[in-house]
Amino acid sequence: MNEEVLDNSKKESRPGINFIEQIIIEDIRQGKNGGKIVTRFPPEPNGYLHIGHAKAICLDFGLAEKYGGVCNLRFDDTNPEAEDVEYVESIKEDIHWLGFDWGDREYYASDYFDRLYEFAKDLIRRGLAYVDDQPAEVISEQRGSPTRPGIESPYRNRTVEENLDLFERMNRGEFEEGSRVLRAKIDMSSPNMHMRDPVIYRILKTPHHRTGTKWNVYPMYDFAHGQCDYFEGVTHSLCTLEFEVHRPLYDWFIDQLRTGEYRPRQIEFNRLNLTYTVMSKRKLLELVQGGYVSGWDDPRMPTLCGLRRRGYTPESIRKFIDLIGYTKFEAINDVSLLEHAVRDDLNLHAPRVFGVLNPLKVIITNYPGGVTEEVEVENNPEDPGMGTRKVPFCRELYIDREDFMETPPPKYYRLYPGNEVRLKGAYIIKCTGYRKNDHTGEIDEVYCTYDPETRSGGPSANRKVKTTIHWVSAPHAINAEIRLYDRLFTHEDPLGQKDRDFKEFLNPDSLKILKNCKLEPSLKNAKPLDKFQFQRVGYFCVDPDSTESYLIFNRTVQLKDTWSKLKQ
RNA sequence: UGACCCAUGGUGUAAUUGGUAACACGACGGAUUUUGGUUCCGCAGAGUCCUGGUUCGAGUCCAGGUGGGUCAACCA
């Protein structure tokens, strides 16, 4: 059985099994913990998940899946002041959206409050924990600093009886918040600050979203996390780098707790950082509360709900995470790699349509008025199985303003006086003139003639022109709003700038709204979150703000654009 | 006069665990193309932070530096 799992891993391994996977393989080989693999994803229900969490989710669930183990979902709800059920549902939704499932293993740290409480009393009885009556500031002062050892609390050597009595009374609600804490008795002069008699229980009178008012004391993260891992039989407890210094404490508690061979192991990996954005919950909250974005699901946010609304697919996010890997190096990943991952996915799956963002009227002067013909266009050249659709064509059309110039620069292949282009799926047209607005100088209309011999699919359609452009029939077009997004920040690393607030680097042009866009009529029935490639422009996704009669699209990402590069 | 962690092309990762630096993205050039997209082909780019050591052989091991990160919530 184990052989099979390992073999399996070898097959998929190619080069580059990450260091955590290597540890797991080795552990299975050695038959550690009975050869079982159990991981957990432990979000605190105090906010929305972002792509950094997705990195952890892919690791926790992915590794369990790959090595024949299981992954638990455990809500780390040890702080009633910050948490709320509201977040539980969104977290579950996001994990499912990414394509992972925890089966019936939905746990809560609060499920273990009784056992944790008993364990704390056990530590007291063994002389390994004590109640400290000093205020937070004093305890903090006594803890010393990284370069200066701490000093022991005057309450450190209370009797077991007194500690037990005090702790129980703390939990009965006899004392005010902040008046007493329970501390583990470890080593006030440890070089590791976390070992200097860490607080393990504090008094909190805010009702808990699951246990109500049952408890007046709540375990701290360090006292809950490893123990919960232990209770659940977790073998590999994967977390981010900043918990590295907590590991000795994690192990210390496990040492006091365990009775047999089994022990969970904490392994740390690097966080996901992306250029041009911020990833901390606190900072994201600041953006939401400050009104810099429209909410947690603003399409510019790195939250999973934001990315989803933007049009990112779960596959693209997983692909991206797979690409960046897991190491112990604090890397800043280029968003362009994320963008590459969506393009890659959407290119294969998104149906092509015609959408004109900045419409310019084109009149085909030799095409009869009042006539509409339908041309057939393939839905996706990458996948003929996606079929074709009919698009109406007539005398008056819209093209994108970018596709016409009065006086073209070198290498400009699009429409200009005297030049020919093909209208995708229809005819080759030649620009014969244009009309300019006398006041604004803007071009109002462009005049063209079409060559009836060149209809796509027709017998003599093979005449080559330098380029093909998209278009929509003016009388048939539907009006839509399109929201164009750019990076949220103007600096790659908005947080890394000394003495500057990250909000100073907010990009004022991160959202542009176009309200007069013209789309081909087949889009009429598009539903929220439907994704399309507006041919030659980019990938777009229907925003949930859309109504039956008013479609709103979000631009997920532009197509690669070698022309705009050429221009420079 | 702290502890712990990290350092490989522009970016992110890999290197059969000591065997002569590879992959992806990006850049550049070309071919194909009814998307200036896609695809295909090609090319450039690091000698692995520095110094020393061990070894026939070091990106991998050791020592010492340098640079960066984390740690002093009754947050997680």
Side-chain angles (χ1 to χ4, degrees), chain A residues 14-18 22 42-44 46 76-79 81-83 132 135-136 139-141 143-150 177-183 190-196 198-204 217-218 220-222 224-225 239-248 268 270 275 281-282 323-334 336-341 343-344 347-348 352 354 377-378 381-382 411-414 421-426 428 454 456-457 461-462 464-470 533-538 558-566:
Chain A
R14 287 167 299 244
I17 285 219
N18 69 52
Q22 292 185 26
E44 183 185 15
N46 72 341
D76 220 334
D77 56 349
T78 57
N79 183 4
E81 290 181 343
E83 297 147 8
D132 197 328
I139 290 177
S140 168
E141 178 55 34
R143 187 143 33 222
S145 78
T147 51
R148 175 168 47 87
E177 284 189 12
S179 63
R180 284 181 167 82
V181 290
L182 184 69
R183 293 226 259 166
S190 168
N192 182 335
M193 299 292 292
H194 295 275
M195 301 299 273
R196 324 244 260 228
V199 171
I200 60 179
Y201 264 96
R202 76 289 212 186
I203 300 169
L204 252 27
V217 292
Y218 290 87
M220 299 286 290
Y221 165 84
D222 283 308
H225 203 94
C239 61
T240 44
L241 251 21
E242 66 271 25
F243 290 102
E244 221 153 13
V245 284
H246 293 241
R247 198 189 329 135
E268 310 84 13
N270 62 344
T275 53
K281 247 187 228 176
R282 226 200 90 234
L323 251 20
I324 62 176
Y326 298 86
T327 68
K328 302 189 72 150
F329 175 69
E330 291 219 37
I332 300 182
N333 298 278
D334 201 323
S336 63
L337 189 59
L338 214 209
E339 293 173 344
H340 166 260
R343 283 196 195 101
D344 211 32
N347 176 47
L348 260 27
R352 271 57 170 172
F354 295 158
V377 198
E378 55 189 345
E382 302 298 316
K411 297 236 181 149
Y412 185 83
Y413 304 146
R414 281 110 100 147
V421 300
R422 174 173 286 282
L423 295 175
K424 173 82 183 172
I428 291 177
T454 56
S456 290
N462 285 335
K464 300 289 178 207
V465 286
K466 204 71 171 150
T467 201
T468 299
I469 65 173
H470 61 284
Q533 184 196 91
F534 288 8
Q535 211 145 37
R536 302 208 309 131
V537 181
Q558 286 172 282
L559 252 33
K560 272 210 257 173
D561 186 357
T562 39
W563 166 241
S564 73
K565 256 190 302 198
L566 258 179

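Across the protein-nucleic acid pair, A:Ile332 atom CD1 and B:A7 atom P stand 16 Å apart, rounded to whole Å. Atom CG in A:Asp222 sits about 13 Å away from atom C1' in B:C74, given to the nearest Å. Counting to the nearest Å, the P atom of B:C75 and the CZ atom of A:Arg202 are 5 Å from each other. Nucleotide B:C71 holds its P atom 13 Å from the OH atom of A:Tyr221, rounded to whole Å. Whole-Å rounding puts the A:Leu241 CG to B:A7 P distance at 10 Å. In this structure, CG of A:Leu337 is placed 8 Å from C1' of B:U11, rounded to the nearest angstrom. Residue A:Asp334 contributes atom CG, which lies 10 Å from atom P of B:G26 at whole-angstrom precision. In this structure, A:Glu268 places its CD atom 10 Å from P of B:C6, rounding to the nearest Å.
Phosphate proximity of B:A27 to A:Lys565: present, with a side-chain N or O under 4.0 Å from OP1 or OP2. Between A:Thr327 and B:U13, a side-chain N or O to OP1/OP2 separation shorter than 4.0 Å is present. Considering only side-chain N and O atoms, A:Asn270 lies under 4.0 angstrom from the phosphate OP1 or OP2 of B:U13.
The residue among A:Glu244 and A:Thr78 whose nearest nucleotide of RNA chain B is located toward the 5' end is A:Glu244.
Pair assignment for B:G9 gives none, since no Watson-Crick or G-U wobble pairing has each distance under 3.5 Å. The partner of B:G37, taking Watson-Crick or G-U wobble pairs whose two distances both stay under 3.5 Å, does not exist in any strand shown. B:U54 is unpaired under the Watson-Crick or G-U wobble criterion, no partner having all donor-acceptor distances under 3.5 Å. Base pairing of B:U20 is not made with any nucleotide, judged by Watson-Crick or G-U wobble geometry with both donor-acceptor distances under 3.5 Å. In this entry B:C71 has B:G2 as its Watson-Crick or G-U wobble partner, both defining distances falling under 3.5 Å. Partner assigned to B:U48 is none, using Watson-Crick or G-U wobble distances below 3.5 angstrom.
Contact annotation: the side chain of A:Trp563 approaches that of A:Lys411 to within less than 4.5 Å [non-hydrogen atoms, C-beta and beyond]. By the 4.5 Å heavy-atom criterion applied to side chains, A:Val537 and A:His470 are counted as neighbours. Looking at A:His194 and A:Pro248, their side chains never come closer than 4.5 Å, going by heavy atoms from C-beta outward. Two residues are said to be in side-chain contact when any heavy atoms from C-beta on lie closer than 4.5 Å; A:Arg422 and A:Ile469 fail this criterion.
Taking 4.0 Å as the cut-off between side-chain N and carboxylate O, A:Glu378 and A:Arg352 do not count as a salt-bridged pair. Salt-bridge annotation for A:Lys281 and A:Glu44: absent, with no side-chain N of the basic residue lying under 4.0 Å from a carboxylate O of the acidic one.
The separation of B:A58 from B:C50, taken at their C1' atoms, amounts to 16 Å, rounded to a whole angstrom. Here the separation of B:U13 from B:G29, taken at their C1' atoms, is 26 Å to the nearest Å. Between B:A3 and B:A72, the distance separating the two C1' atoms is 12 Å to the nearest Å. Spacing of P atoms, B:A14 relative to B:G69, comes out at 22 Å, to the nearest Å. Across B:U54 and B:U60, the matching C1' atoms stand 14 Å from one another, rounded to whole Å. Nucleotides B:U48 and B:G9 are separated by 10 Å at their P atoms, to the nearest Å. Annotation: B:U11 and B:G26 have their P atoms spaced 16 Å apart (nearest Å). The separation of B:A22 from B:U8, taken at their C1' atoms, amounts to 11 Å, rounded to a whole angstrom.
Residue A:Val199 has its side chain nearest to B:C74 when only B:A76, B:C74, B:C4 are considered. Looking at the side chain of A:Glu83, the nearest of the listed nucleotides B:U13, B:A76, B:A3 is B:A76. Here B:C74 is the nucleotide among B:A76, B:G2, B:C74 with the atom lying nearest to any side-chain atom of A:Ala136. Among the nucleotides B:C6, B:U70, B:G12, the one closest to the side chain of A:Lys328 is B:C6. In the set B:C71, B:G12, B:C74, B:C74 carries the atom at the smallest distance from any side-chain atom of A:Ile139. Here the nucleotide nearest the side chain of A:Asn79, chosen from B:C74, B:C75, B:U13, is B:C75.
Against the 90° criterion about 0, the sugar-base torsion of B:G67 places it in the anti range. For B:A73, the base adopts the syn conformation, since its glycosidic angle falls within 90 degrees of zero.
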Quiz item: In the 5'-to-3' direction, what one-character label does each nucleotide of nucleotides 29-47 of chain B receive under the scheme B = base within less than 4.0 Å of a protein heavy atom, S = sugar-phosphate only, - = no such atom?
Solution: -----BBBBB---------

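A:Tyr201 and A:Met220 make their closest contact through N-CG, 4.2 Å (heavy atoms, listed as atom of the first residue, atom of the second, distance).
Of the possible polar contacts, none joining the A:Arg414 side chain to the A:Thr467 backbone as a donor-acceptor pair under 3.5 Å is found. For the pair A:Asn270 (side chain) and A:Leu241 (backbone), a donor-acceptor distance under 3.5 Å is absent.
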Practice problem: Take A:Lys328 and A:Glu244 through the test salt bridge (charged side-chain N to carboxylate O under 4.0 Å, His left out) and record every step on the way to the result. | Solution: CA-CA 10 Å; A:Lys328 302 189 72 150; A:Glu244 221 153 13; 2.9 Å; yes

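Counted by atom type alone, A:Asp334 and A:Ser336 present one or more donor-acceptor pairs between their side chains at under 3.5 Å.
Contact annotation for A:Pro248: no contact, since no heavy-atom pair falls under 4.0 Å across all strands. A:Phe243 comes within 4.0 angstrom of a base, heavy atoms only. Within 4.0 Å of A:Gly178, counting heavy atoms only, lies at least one base atom of the nucleic acid.
In the interface, the side chain of A:His246 is paired with the base of B:A76 through a donor and an acceptor atom under 3.5 Å apart.
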